[in-house]
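Structure first, commentary second.
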Amino acid sequence: MSDAAWQRDGYEISTERARIDIDVVQRYLAAGRQSPGIPCEVVERFVAHSVNFGVFTGGAMVGYARVVTDHAAFAYLGDVFLLDGHRGRGLGTWLIECVLAHPDLQGLRRWMLMSGPRSVSLYRRFGFTDDNAPGHLMHRTDRGIYLRAGQGGGA
Amino acid sequence: MSITLTRADGYVLSTDRARLDRPAIHRYLAEESYWAKGMDRARLDRAIEHSLCYGVYAPDGSQVGFGRVITDYATAAYLTDIYVIEAVQGLGLGKWMVEAMLAHPDLQGLRRWMLGTRDAHGLYAKFGFVDKPEGRAMVRPG
């Protein structure tokens, strides 16, 4: 897989795995509604097995997105966020643009994501639809998985 | 490290990538499936390299089914390209494969399993899959 980078207005987006700040990702996700309590070792494992996009400025990572993919037919976009102080200036839109433009993720059969209510219009602008008619989507989701005692993060 | 299971009737399920009959898989997906018509062989090879693959083999060794899991081995897994050829449908081979996927030791403690299907909702519902997302599922063609 090839690394890619984009620059704009003092910000940089990079897919270089070694630059991804695991602590920033873990702190943000663990405090949020999607993956409450997610432990560091789970974040480390998914970073190792995803195409990661870090948003950097002033030497710090201030935003993130990742793609779980087979590099051929399918990509799942998840854990998209910008830290406070970096929102409202189009960085989220730029981040999604960069994700969709990644050279290793072209010609796929399906992109997929689970959107919160506030982001639906953003993703619609990029051609995502929540009309599931063409291929019926099913899922099995365990929202509290990291909060239950004895879970240990799984394998 | 691959996993191989053998049923009493001689059918075999294996995650050994080297055992896959890629021309047979390609023929099925590109010509017979409704979801991957025309998929080229190079793209299939790339998909196989980046997936956890399952092959189903008849007692005579021929490949009769396939499926793969796209995963980060941490939080999410997407099941795709799952099929059993018509001649051996009704023997529970598809159910066996999905069971094995969900039970894979490297895929325990995931937060979300996903798939797309047009005609096999009953099968997946048995394994706890629902088609009513709590967050909005959105899809986009490549």
Side-chain angles (χ1 to χ4, degrees), chain A residues 1 33-35 38 41-50 66 68-79 100 105-117 119-120 123-124 126-132 134-143 145-146 151-155, chain B residues 29 34-36 39-40 42-53 68-81 102 104-121 123-125 127-142:
Chain A
M1 200 205 90
R33 284 177 304 173
Q34 289 305 311
S35 307
I38 190 168
E41 61 265 26
V42 174
V43 175
E44 281 167 8
R45 204 158 57 239
F46 76 57
V47 166
H49 295 285
S50 300
R66 70 182 175 107
V68 182
T69 181
D70 59 6
H71 301 259
F74 174 81
Y76 177 72
L77 172 61
D79 296 334
L100 294 174
L105 304 177
Q106 302 307 305
L108 307 188
R109 197 157 75 215
R110 171 175 280 164
W111 279 85
M112 188 170 164
L113 58 85
M114 294 279 181
S115 174
S119 305
V120 167
Y123 293 118
R124 280 200 181 124
F126 288 103
F128 285 88
T129 173
D130 50 2
D131 166 12
N132 286 342
H136 209 134
L137 296 173
M138 300 184 83
H139 70 104
R140 204 174 82 157
T141 303
D142 186 346
R143 299 196 98 188
I145 193 164
Y146 307 120
Q151 181 50 241
Chain B
L29 292 176
Y34 65 78
W35 63 87
M39 185 182 198
D40 68 68
R43 198 168 277 276
L44 173 64
D45 284 338
R46 200 156 70 241
I48 284 173
E49 292 315 316
H50 293 283
S51 303
L52 177 55
C53 298
R68 61 190 179 98
V69 185
I70 301 159
T71 181
D72 59 8
Y73 297 94
T75 69
Y78 184 77
L79 310 186
T80 192
D81 291 344
L102 292 167
H104 193 288
D106 292 345
L107 303 179
Q108 300 310 300
L110 304 192
R111 193 175 158 277
R112 174 170 281 153
W113 289 82
M114 297 168 284
L115 58 88
T117 185
R118 193 183 283 176
D119 53 12
H121 301 84
L123 167 67
Y124 296 113
F127 293 107
F129 284 85
V130 296
D131 54 5
K132 294 200 173 44
E134 96 288 6
R136 285 206 228 190
M138 300 183 81
V139 291
R140 173 188 185 274

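Computed from heavy atoms alone, side chains included, the values below leave out hydrogens, waters and symmetry copies. Each chain gets a letter, A, B and so on, in the order the sequences are listed, and its residues count up from 1.
Of the listed residues B/Ile48, B/Asp81, B/Asp45, the one with more heavy-atom pairs under 4.5 angstrom with chain A than any other is B/Asp81. Most heavy-atom pairs under 4.5 Å with chain A: of the set B/His104, B/Arg68, B/Met114, this distinction falls to B/Met114.
Taking the ring centroids of B/Tyr78 and A/Phe74, they lie under the 6.0 Å cut-off.
Across every non-hydrogen atom of A/Arg140 and B/Phe127, the tightest pair is NH1-O, 2.7 Å. Considering all non-hydrogen atoms of both residues, A/Ala73 and B/Met39 come closest at CB-CE, 4.2 Å. Closest approach of A/Ile145 and B/Leu110 over heavy atoms only: CD1-O, 3.0 Å. Taking all atoms of both residues into account, the shortest heavy-atom contact from A/Thr69 to B/Ile70 is C-CG2, 3.6 Å. In plain terms, the two heavy atoms of B/Ala74 and A/Arg45 that are nearest each other are CB-CB, 3.9 Å. Residues A/Ala72 and B/Arg43 approach most closely at O-NH1, 2.6 Å, considering heavy atoms.
Using a 4.5 Å cut-off on side-chain heavy atoms (C-beta onward), A/Arg66 and B/Thr75 make contact. Side-chain atoms of A/Arg110 and B/Thr80, non-hydrogen and from C-beta on, never get closer than 4.5 Å to each other. Taking 4.5 Å as the limit, some side-chain heavy atom of A/Thr129 sits within range of a side-chain heavy atom of B/Val139. When side chains are defined from C-beta on, A/Gln34 counts as touching B/Arg111, because their heavy atoms get closer than 4.5 Å.
A/Phe46 pairs by the ring pair (Phe, Tyr, Trp, His ring centres under 6.0 Å) definition with nothing, not counting sequence neighbours.
Of the two parts of A/Ser119, neither the backbone nor the side chain holds a non-hydrogen atom closer than 4.5 Å to a non-hydrogen atom of chain B. Looking at B/Leu102, the atoms closer than 4.5 Å to chain A (heavy atoms on both sides) all sit in the side chain, from C-beta outward. In this structure, no portion of A/Leu77 lies under 4.5 Å from any heavy atom of chain B. Contact annotation for B/Ala36: both backbone and side-chain heavy atoms come within less than 4.5 Å of a heavy atom of chain A.
Rounding to the nearest 0.5 Å gives a distance of 9.0 Å between CE of A/Met138 and OH of B/Tyr124. Rounded to the nearest 0.5 Å, atoms CG (B/Leu44) and CG (A/Asp70) are 10.0 Å apart.
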Assess whether side chain to side chain contact (heavy atoms under 4.5 Å, CB included) is satisfied between B/Val130 and A/His139, documenting all intermediate values.
CA-CA 6 Å; B/Val130 296; A/His139 70 104; 3.9 Å; yes
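For B/Arg46 (side chain) and A/His71 (main-chain N/O), a donor-acceptor pair under 3.5 Å exists by modelled atom type.
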